[in-house]
Amino acid sequence: MSLIKDHPRVKKSTSDSSSSSSANESLRHERASRLNSTGVLDASDDSTKKHAESYFSRRENRLSARKKAEEEIARNDYKKMYEKALASNQRLKSRLETSKQELVMIQEQLQRAQQKEKKSEVGCNMLETEKKDSWTLRKKIADMEEQVKVKAELHTENQRLKDENGALIRVITKLSK
């Protein structure tokens, strides 16, 4: 029995599931023939042969159970991955929806701000226009005040000239008499 454990083990690949039973069968015959060639196992000794066969059948059962467990784990992994992907998609969809709502709110705020800016620009333009008008009016007032001063001076000059003219007329009338 210790010789069976000393021989190197041949691992069965999980992808070779169709040929696993035939491979196990050939391994059994190969090992049995090796044992027979070394002289340790006698072909007539049925108990040792039965023990070896039971070992191989238990090994085969363990390998098939492991394969089934791996397939179940893989199936569960895909299921878990799918569920995680669905949960992630739902979370991302909700975040996207929230982001869309925030974007709409920000766009509305931007539009309101632009409208206020336009109104203030209109107000600024009106203010600038009013300033220009005010300046123009002040200039006109200053010009008119200047004209009033000139008119007043001309009026006083005209009155002086009238007075002189009247005086001259009286002097001429006195001289002509």
Side-chain angles (χ1 to χ4, degrees), residues 1-140:
M1 283 198 207
S2 64
L3 288 177
I4 294 173
K5 290 183 182 177
D6 291 339
H7 288 290
R9 292 186 180 180
V10 178
K11 286 191 174 181
K12 182 184 104 173
S13 172
T14 56
S15 61
D16 297 337
S17 62
S18 62
S19 62
S20 64
S21 61
S22 62
N24 284 334
E25 195 66 36
S26 65
L27 283 175
R28 265 190 249 148
H29 291 295
E30 182 181 324
R31 287 185 180 159
S33 65
R34 268 194 247 141
L35 289 174
N36 285 337
S37 64
T38 59
V40 174
L41 182 65
D42 188 5
S44 63
D45 192 72
D46 286 337
S47 66
T48 308
K49 194 173 186 180
K50 285 181 183 179
H51 179 70
E53 285 179 6
S54 69
Y55 169 79
F56 286 119
S57 66
R58 283 182 299 187
R59 184 173 184 273
E60 186 178 326
N61 289 340
R62 280 194 315 266
L63 290 175
S64 66
R66 184 189 302 163
K67 182 183 172 201
K68 286 180 184 178
E70 288 174 355
E71 287 175 356
E72 186 66 29
I73 288 171
R75 199 174 315 123
N76 286 340
D77 286 345
Y78 286 124
K79 200 175 201 180
K80 287 178 184 176
M81 288 171 48
Y82 175 74
E83 289 171 355
K84 283 181 183 178
L86 279 179
S88 176
N89 283 347
Q90 287 296 84
R91 185 173 32 85
L92 291 174
K93 282 180 183 179
S94 67
R95 283 179 55 191
L96 177 64
E97 194 62 34
T98 305
S99 297
K100 283 181 180 179
Q101 290 172 353
E102 288 176 0
L103 178 63
V104 168
M105 288 174 36
I106 290 171
Q107 285 176 339
E108 289 174 356
Q109 289 175 349
L110 179 63
Q111 286 176 347
R112 278 188 250 128
Q114 287 174 342
Q115 288 173 352
K116 285 182 181 179
E117 186 178 316
K118 285 180 182 178
K119 286 179 182 178
S120 67
E121 283 179 7
V122 169
C124 288
N125 288 340
M126 292 178 104
L127 184 62
E128 287 180 23
T129 307
E130 288 175 1
K131 283 182 180 180
K132 286 179 183 178
D133 290 345
S134 174
W135 182 78
T136 306
L137 288 173
R138 285 186 188 138
K139 188 175 178 182
K140 283 183 181 179

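These numbers come from a predicted model, not from an experiment.
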Euclidean distance, [Y] [atom2] relative to [X] [atom1], rounded to 0.5 Å:
X	Y	atom1	atom2	answer
Arg95	Thr98	CZ	OG1	9.0 Å
Ile73	Glu70	CD1	CD	7.0 Å
Asn89	Tyr82	CG	OH	9.5 Å
Leu96	Gln101	CG	CD	10.0 Å

(message) When you measure from the side chain of Arg58 to the backbone of Ser54, do you find a donor-acceptor pair of N or O atoms at a distance under 3.5 Å?
(response) yes

(request) Using side chain to side chain donor-acceptor pair (under 3.5 Å) as the criterion, list what pairs up with Gln90, not counting sequence neighbours. (result) none

Enumerate, atom names and distances included, each donor-acceptor pair closer than 3.5 Å involving a side-chain atom of residues 128-137, sequence neighbours excluded.
unit_1: Thr129; atom_1: OG1; unit_2: Asn125; atom_2: O; d: 2.5
unit_1: Thr136; atom_1: OG1; unit_2: Lys132; atom_2: O; d: 2.7

(request) Can you sort out the partners of Ser88 under side-chain contact (heavy atoms from CB on, under 4.5 Å), two or more places apart, ordered by chain and number? (result) Arg91, Leu92

Quick one: side chains of residues 106-114, donor-acceptor pairs under 3.5 Å with protein atoms, not counting sequence neighbours, listed by atom name and distance.
none

(message) Taking salt bridge (charged side-chain N to carboxylate O under 4.0 Å, His left out) as the definition, give me every residue that meets it alongside Glu72, ordered by chain and number, with sequence neighbours left out.
(response) Arg75

